[in-house]
Amino acid sequence: MASVTYDHVVKRYTADVTVVKDFNVEIKDKEFMVLVGPSGCGKSTALRMLAGLEQISEGRILIGDRMVNNVAAKDRDIAMVFQSYALYPHMSVYDNMAFPLQMQHMKKSEIDTRVRNASRILGLDNFLKRKPRALSGGQRQRVALGRAIVRSPKVFLLDEPLSNLDAKLRGQTRVELQKLHRDLQTTFIYVTHDQVEAMTMGDRIAIMNAGILQQVGTPGEIYDHPANLFVAGFIGTPTMNFVPASVSDSTAKASGFEVELPKSLPSGKGTLGFRPEAVTDRVAEGSPQFEMKVDVVERLGSDQFLYGQVGGDQVTARVDPRMAVAPGDRVKLGLDTRSMHFFDAESEQALL
Amino acid sequence: MTAQAVAREEVVRAPAWSPAWISQRLQKVLLHVVVIGLTAAWMVPAIALFTSSFRHFEDINSTGWWTALAPPFKFTVDNYAKVLSSGNLGHSIFNSFMISIPATVIPTTIAAFAAYAFAWMKFPGRNYLFLALVALLAVPLQLTFVPVLKTYVSVGLVPQNWGFVGVWLAHAGYGLPFAVYLLANFFRALPSDLFESAEIDGAGTLTVFFRIVLPLSVPAIASLVIFQFLWVWNDLLVALIYVGGTENVAPVTVTLANLSNSLGQGWHLLTAAAFLSMIIPLVVFISLQRYFVRGILAGSVKG
Amino acid sequence: MRLIRFTRIPVIAAVAALVAGACAPGASNPNPTGAVHGGSVSVIGVWSDGELDSFNAVIAPFTQQTGITVNFEASRDQDAILTTRVAAGNPPDLAAAPSPTLLTRFANQRKLVPLDNIVDMNKMKQDYAKTWIDQGTVNGHLVQIFSWASIKGFIWYNPKVWTAKGYTPPKTWGDLINLQTKMKSNGDTPWCVTVNSGAATGWPGSDIQKEIALGQVGPAVYDKWWQGKQKWTSPEIKGAWQSFGQLLGANDANVYGGANYIVNTDFGKVGDPMFQNPPKCMMLNQASFITTFFPKSTVAGQDYDYFTMPSQNSANEGDRVGAADAWSMFHDTPQARALLNYLLTPEAQEVWVKRGGKIAVNNKVPVNDYPDSVSQKIAKDLVNNTKVLKYDAGDLMPSDMKNAYWQAIVAFIQDQSKLDSILANLDKVQSSAYTS
Amino acid sequence: MDLLIQDVPTLVFVVVAVPAVLAIYIVGTEYLVRLLPDKQRPRVRPWFWVGPALLFVTAFLVLPALGTVVTSLQDHDGNFIGLVNYQRQLGDFPTGGAWIAIRNNVYWLILYTLFVLFFGLILAVLFDRVRYESIVKSFIFLPMAISSVALAVIWGFMYSYQPADAPQTGTLNFIVVNVFHQAPKTWLSDPTVNNFALIAAAIWGITGFAMVILSAALKGIPGELLEAARVDGAGELTIFRRVIFPLMMPTVVVVGTTLVIFALKAFDVVYVMTAGNFQTDVLANRMYKLLYQSDNPGGASAVAIILLIAVVPVLIFNLRQFRAVEARR
């Protein structure tokens, strides 16, 4: 129900400790935006500044058209789900959800309606009288969501809400959250360090590293056109192959092979990047081929990954799961040149 | 069944007579032996006192207390009878309540405010101010008596006009450093997410304090109440300085100290008196003990 | 009921004051100037238990006659309480102390009301031994009066045992030493001594030493000694220590239980071994009050009697050491005056005397008022045979000197061979204790 | 009796009114704070919250402590004499001045603090695992409820001495004589053991304090955490060392600090049992004697200041500790 704008936002703790640097993002109304990055990259700080839990050192944050830099957290009309859930242990599930509404001096009947509505959505009807300690992890997580839902906030903030759940429950809840986003028709800002969550849930993803925003885009854009070496390496499993190479005109030369790039680049050294799925056992006519000495074979059923050496470089390949290969084998592989990336040695920016 | 309970079942249930089962059993037995043994050893001096409180003065002086535990059982309730009949006892117990209760309530309340600020509000010099407060624990009370009493006299805050007010305030002042120290430590340990969550939920400082901090700090407050009450209840000197030892205001410690005379005669009555004066603090302890429950924070945050 | 009056209403005001931070309205102290009838007087003393009962018995006729209530505060931490309250300007009207040390300090600080015009000095001079008046006079003013005393230098024994064993009370120091030797050769332990008394541990031993000193060197040197003008290492004082050691015997062998028992046992238990059957010791030296510590089953004259410590110098025969309950005034109110004057009367003093354990300071208290033959004998002794009564030297020394004295007694009992270094240390304390 | 009943309303009034007044204070000041612009509020608010506490400690502790500093630099008549009082207390090392007391305080500091923490932790952890916890806890707590005068009587029964040929009335000497067949010991007058005898009595008296606070902290550790560690296969000792102890560390620091200060201020047990005789003096007792018996407020003040200075290292440790806690959250 509102857009969020980060406008040259800086967070500085001391003169030389800056955790968020010149952060600029526009999050559209009703968008599901995921802030992703390794731990300590400043993503949580960025969220907490929006929540009003941290002072903003420089720049502005707007919710809708309203600058909220100096607005108290409670007046920003946001709701937040904490990684730890932060449930009030001495209050029942009902009271936990009713608490933010009581703070708004809402009428009792209205509170009741909202709490019951939220608990129905989240399937918590049978637990309303319980204390948090008598709930399972997944249930607690839903109470934390419920406490956010009841307020019908303009913006929903979620700080790694799934990290305390086991893998199965996490997958389930991911789907539930997306459904919830659709149902609520509200702006979601979701912080995570897990790129899978980011890729699967986000309408758009903002990737941060070391306090700096690296790239903003849809999952597809980010995956196919990473803006720099960091984004390329951060998104996708297994990670993109990075091979040192030198370019002259449109030919990139690595230690074990040469590849023709789709366009010519200024000559120099850099890093050639290509995803494992670009290295296959289907050797296409006219595309580069090389021999890989296989170190490790990973069979996932639907896929088979080979880890090995090409020339002097470590390369991962995704091959047909039916291909018979054992560690120590030398196999011939082909490279699909349609999705090649090349990163400048100095700036690490994508040139291709 | 809660997650906890499930986990506990898993741990405890090893197949009967398996090595793990035997070692678990042995550990359990050892635990009980150690617990009961330590407690029993701890009780020896108190048992000595208790036994002696039922012995004749001459016997206490001439034979060890343990001899009373074998026949012939020459027990007497004379000591108790003498203590209970000392006319002022009932009144002085009442005086002790009059002194102890407000002298516990005032510093606990004030300390809770200050501890909350020290634990969760940011202000310049906070840490140093807090440490200075802790350092005040080391100030010998005897050196404060004259200046404080001088001030009391100059503003007329003497027992003749103000009853116990002077001693309440003094005990509050003396008890605050520890009270703030203990509570701030506990408040500081509350998960910060709770506070932030409450802030986003729209709770103000007061709401957070009264609806979240206080309910969650019940064990700490209960232990503080126990100690402050106990110290005030057992205090002799502060009471003598600020309320004096006249019969109508004397707390029970003064009355009991006066059971033995200035030359030390009558000390055997202290055996009985010690047990009688112990009753109230023990009742306070036992009745507040139910607040020391496991996991008051359980379920709030994980990890 | 008094409690209610002074708590309920102020409580409400106090709470208000807490909020507003306002000062309490100081209620003015009642200051009746007219007839001495009614009102109250506040007293701090050390008496509790049986002693307090006795004191209350003394006060009862006073209150009955005058209508004046005596608010008595008993405190065994009198040093702390009184020092603090005097320094803070909140002293009681009167204080009663078991020794004059503290009150003399207040006198030097000019915190006490001079009593010269409050008591009838002529009558005092008639009824009181000069010692008591001299003792109460500081800087030319009477600031302390004395009510009840205990006399030191009494050696207690069990007449039944002595008759059976053929021992007789010695008349001279030589007789005493011979008796001691005879007892030992009979396999009896001559003495019981115990000196443990909490913070004051050592004083019962110091009593023996100072009695010997007075008997050996006489009042003049005794006075110079407590005044800090006589060195501890001087032959006069050292002699008294050596004589004390003569009684204790080498390694305290003349005393039941030896050094460990002496220093670890409470002074009040000193008589217990003597009254056991068979007795563990033959005699003990303690002041007149010790009879109240003897087992309840003992009867004066039958189970215990005393003789006075013989002097080594016949010129000093009849010189006694004593101490007494001292009274001083902080507030000159009519009620306080009335009580003080009442306490000086034989009528007041005889009340406690009749109840036992105390010797009246007023000479007019009839001997027959004493409850048993032994205390009557003490009273007569005091009037008839006492030539010079000297106040306890320890109580007259500055506190640091007094404490060092007591500790020296303990050290001496533990190891008599260290006498020279013990006395040298006392000289060192003497050189600083009197100046500060 | 009617006198008591009539006073009950006073008591009830006080118990209800005092917290009510304080609650009104804090609500009222919050209302005042809200009148301020948003930015000013966090700066002003803490002072209202700590205000009453600061007011109280200033009046009852800070001002007297400052007065003590002044007194410690003065002679008996109030003339400034510099550090002479300190020189007197700290002169004649190692047996003169306050040195015996300082030595004994070091014994107290180490033995009392460590043993009380040790027993407090052990008892809290062990008792946590038995169903009759509340009963055994009450027993350990019981000595806390005993006044110092009674404590002297109790430990008198433990340490009492009789000559070797008489029946022993003291518990320890009974054991020494009848079990170990040794000569009875003079526990309180023998300088090789008496300090430890006093410290033992004090440990007995205060362990309940450490146990209660540490136990409260232990209860604050979520049960799931312990269960999880157990499921992970950690032994009980490992759980204590790796899970319980680190989580209780802040509380251990608080209890430890308090005990260190108690050890420095050790007074009651010494005062009632030996009064500092037989080389058992401690600083607080020395101060008491100087103040009330020797009429030497300057010396007493100097001792008190020495005592206060001794606390500083502990405070520095505390500062580091809660900076660490703050860094973690």
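Naming convention: chains lettered A, B, ... in sequence-line order (proteins, then strands); numbering from 1 in each chain.
Of the residues listed (A:Y190, A:F188, A:F156), the one engaging A:H181 in a ring pair (Phe, Tyr, Trp, His ring centres under 6.0 Å) is A:F188, and it is the only one. Applying side chain to side chain contact (heavy atoms under 4.5 Å, CB included) to B:I221 and the options B:L288, B:L183, B:I226 leaves one that passes, B:L183.
Interatomic distance, A:L157 CG to A:L47 CG, rounded to the nearest 0.5 Å: 4.5 Å.
No part of A:R76 comes within reach of chain B, as not one of its non-hydrogen atoms sits under 4.5 angstrom from that chain.
A salt bridge between B:D201 and A:R147 is present, with a side-chain N of the basic residue lying under 4.0 Å from a carboxylate O of the acidic one.
Ring pair B:Y116/B:W120: centre-to-centre distance not below 6.0 Å. Here the two rings, on B:F178 and B:W231, have centers that are under 6.0 Å apart.
Of all residues spanning residues 103-118 of chain A, those with a heavy atom less than 4.5 Å away from chain B's heavy atoms are A:M103, arranged by number. Residues of residues 53-72 of chain A lying under 4.5 angstrom from chain B, judged on non-hydrogen atoms, are A:L53 in numerical order.
Here the shortest heavy-atom pairing between B:A114 and B:V180 reads CB-CG2, 4.1 Å.
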Show me, pair by pair, the donor-acceptor contacts under 3.5 angstrom made by side chains of residues 35-46 of chain A, not counting sequence neighbours?
| from | atom 1 | to | atom 2 | distance (Å) |
| --- | --- | --- | --- | --- |
| A:K43 | NZ | A:G37 | O | 3.2 |
| A:K43 | NZ | A:P38 | O | 3.4 |
| A:S44 | OG | A:D159 | OD1 | 3.3 |

Only distances under 3.5 Å count here; give the side-chain donor-acceptor pairs of residues 205-216 of chain B to other protein atoms, sequence neighbours excluded, each with its distance to 0.1 Å.
| from | atom 1 | to | atom 2 | distance (Å) |
| --- | --- | --- | --- | --- |
| B:T205 | OG1 | D:R45 | NE | 3.1 |
| B:T205 | OG1 | D:R45 | NH1 | 3.3 |
| B:R211 | NH1 | A:Q102 | OE1 | 3.1 |
| B:R211 | NH2 | A:Q102 | OE1 | 3.1 |

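The aromatic rings of B:W17 and B:W21 are tilted relative to each other, their planes meeting at an angle between 30° and 60°.
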